[in-house]
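What follows is a short report on a single structure.
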Amino acid sequence: MTTCMLMFITTEWAEKTFLPTVMCYAMFYGGFGQFVAGVLELIKGNTFGGTAFASYGAFWMGWFLLEYLMITNKALFVTAQTGKTLWCGLWSFLTLGFFVVTCRKNGCLMTIFSTLVITFALLAGGMWNKNCEQAAGYWGFFCGSSAIYAAFAFLYKIELGIALPGVAPVRFI
């Protein structure tokens with residue numbers, strides 16, 4: 001949900017004044033909530049789920065802090081622009097590593113992680129090009145929507161016994 005909310009701004013579907021709402025959700029839902037989910041997955045023995053949830057939870061908490069610091073100290077933005085480009089590029093690379101693992105998981109996870117790789121790469125380019133940033137918004141919105149779909153698909157499979165498209169195991173590598 002946090003990704004979709006941020007992409008509302010990136011695609012210019014919502015005003016930049018929506019950013020404080022996104023920041024609150026980034027810190028607590030996308031950040032803290034995912035981090036806790038990651039810890040719980042690690043306790044269950046799910047290394048992939050634990051590592052992914054904890055990593056993206058930490059990402060959102062870091063994003064919140066970076067945005068907060070940039071708002072409270074405008075002088076940081078010029079310096080942070082290059083850093084944010086490298087940061088998004090690094091997250092794209094990390095996400096690509098997670099994507100490889102999803103090739104033995106299911107179509108839902110493959111969709112989420114493949115589109116997140118593209119989103120991060122476009123966000124890196126978007127620091128320098130408005131069209132690239134807007135493209136990142138559309139890819140990111142699709143990625144976030146895919147994650148919401150996957151959450152319900154897995155929930156319905158476990159709780160209701162209903163198998164929606166994309167949840168069947170795959171083994172591409």
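L6 places a side-chain heavy atom less than 4.5 Å from the side chain of W60. Side-chain atoms of V170 and R104, non-hydrogen and from C-beta on, never get closer than 4.5 Å to each other. No side-chain heavy atom of Y149 sits less than 4.5 Å from a side-chain heavy atom of S145. Counting only heavy atoms from C-beta outward, the side chains of F120 and F59 approach each other to under 4.5 Å. In this structure, E133 and T10 have side chains that are in contact, with non-hydrogen atoms separated by less than 4.5 Å.
Looking only at distances, a side-chain donor or acceptor of Q81 sits under 3.5 Å from a matching main-chain atom of M127. Checking side-chain atoms of E41 against main-chain N and O of N46 turns up no donor-acceptor pair under 3.5 Å.
Applying the salt bridge (charged side-chain N to carboxylate O under 4.0 Å, His left out) test to every pair with at least one member in residues 53-71, sequence neighbours left out, gives these pairs: E67-K84.
Within 6.0 Å of the OH atom in Y68, the count of heavy atoms belonging to other residues, nucleotides or ligands does not exceed 12. Applying the 6.0 Å contact sphere to OH of Y29 captures no more than 12 heavy atoms from other residues, nucleotides or ligands. At most 12 non-hydrogen atoms from other residues, nucleotides or ligands lie less than 6.0 angstrom from OH of Y25. For F28, the CZ atom counts as loosely surrounded, since its 6.0 Å shell holds 12 or fewer non-hydrogen atoms of other residues, nucleotides or ligands.
Using a 3.5 Å distance cut-off with no hydrogens or angles, the side chains of T85 and W128 do pair a donor with an acceptor. The closest side-chain donor-acceptor pair between Y56 and T95 falls under 3.5 angstrom.
Linking ILVMFWY side-chain heavy atoms closer than 4.5 Å, directly or via other members, places F64 and W91 in a single hydrophobic cluster. V100 and V117 are members of different hydrophobic clusters when ILVMFWY side chains are connected at heavy-atom separations under 4.5 Å. Criterion: ILVMFWY side-chain heavy atoms under 4.5 Å apart, direct or through other members. Under it, F152 and L164 are part of a common hydrophobic cluster. Note on F35 and F98: same hydrophobic cluster, where clusters join Ile, Leu, Val, Met, Phe, Trp and Tyr whose side-chain heavy atoms are under 4.5 Å apart, directly or indirectly. By the criterion of side-chain heavy atoms lying less than 4.5 angstrom apart, applied directly or through intervening Ile, Leu, Val, Met, Phe, Trp or Tyr residues, M27 is grouped together with M7 in one hydrophobic cluster.
A distance of 7.0 Å separates CD in Q34 from OG1 in T2, rounded to the nearest 0.5 Å. Atom CD1 in I118 sits 9.0 Å away from atom CZ in F99 (nearest 0.5 Å). We find the CG-OG1 distance between L42 and T47 to be 6.5 Å, quoted to the nearest 0.5 Å. Rounding to the nearest 0.5 Å places CE of M61 at 14.5 Å from CG of L66. The CG atom of L116 sits 8.0 Å away from atom OG of S92, with the distance rounded to the nearest 0.5 Å.
Aromatic ring pairs are classed by plane angle as parallel below 30°, tilted from 30° to 60° and perpendicular above 60°; the pair F141 and W13 is perpendicular.
The two atoms that bring C143 and T119 nearest to each other are CB-OG1, 4.3 Å, heavy atoms only. Scanning all heavy atoms of the two residues, the minimum distance from L122 to W139 falls at CD1-CD1, 3.4 Å. Closest approach of T111 and T115 over heavy atoms only: O-OG1, 2.8 Å. C4 approaches I148 most closely through the heavy-atom pair SG-CD1, 4.1 Å. The two residues T3 and G140 have their closest heavy-atom pair at CG2-O, 3.4 Å. Of all heavy-atom pairs between T102 and M110, the closest is O-CG, 3.3 Å.
Under the ring-ring contact (aromatic ring centres under 6.0 Å, His included) criterion, F93 pairs with no residue, sequence neighbours left out. Listed by chain and residue number, N106, C108, L109, A150, V167 satisfy the side-chain contact (heavy atoms from CB on, under 4.5 Å) test with F154 (two or more places apart in sequence, or in another chain).
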Residue pair W63, V22: steps toward the side-chain contact (heavy atoms from CB on, under 4.5 Å) verdict | CA-CA 11 Å; W63 179 87; V22 178; 3.9 Å; yes

Candidate pair F113 and F48, rule ring pair (Phe, Tyr, Trp, His ring centres under 6.0 Å), full reasoning = CA-CA 12 Å; F113 283 88; F48 174 77; 5.6 Å; yes

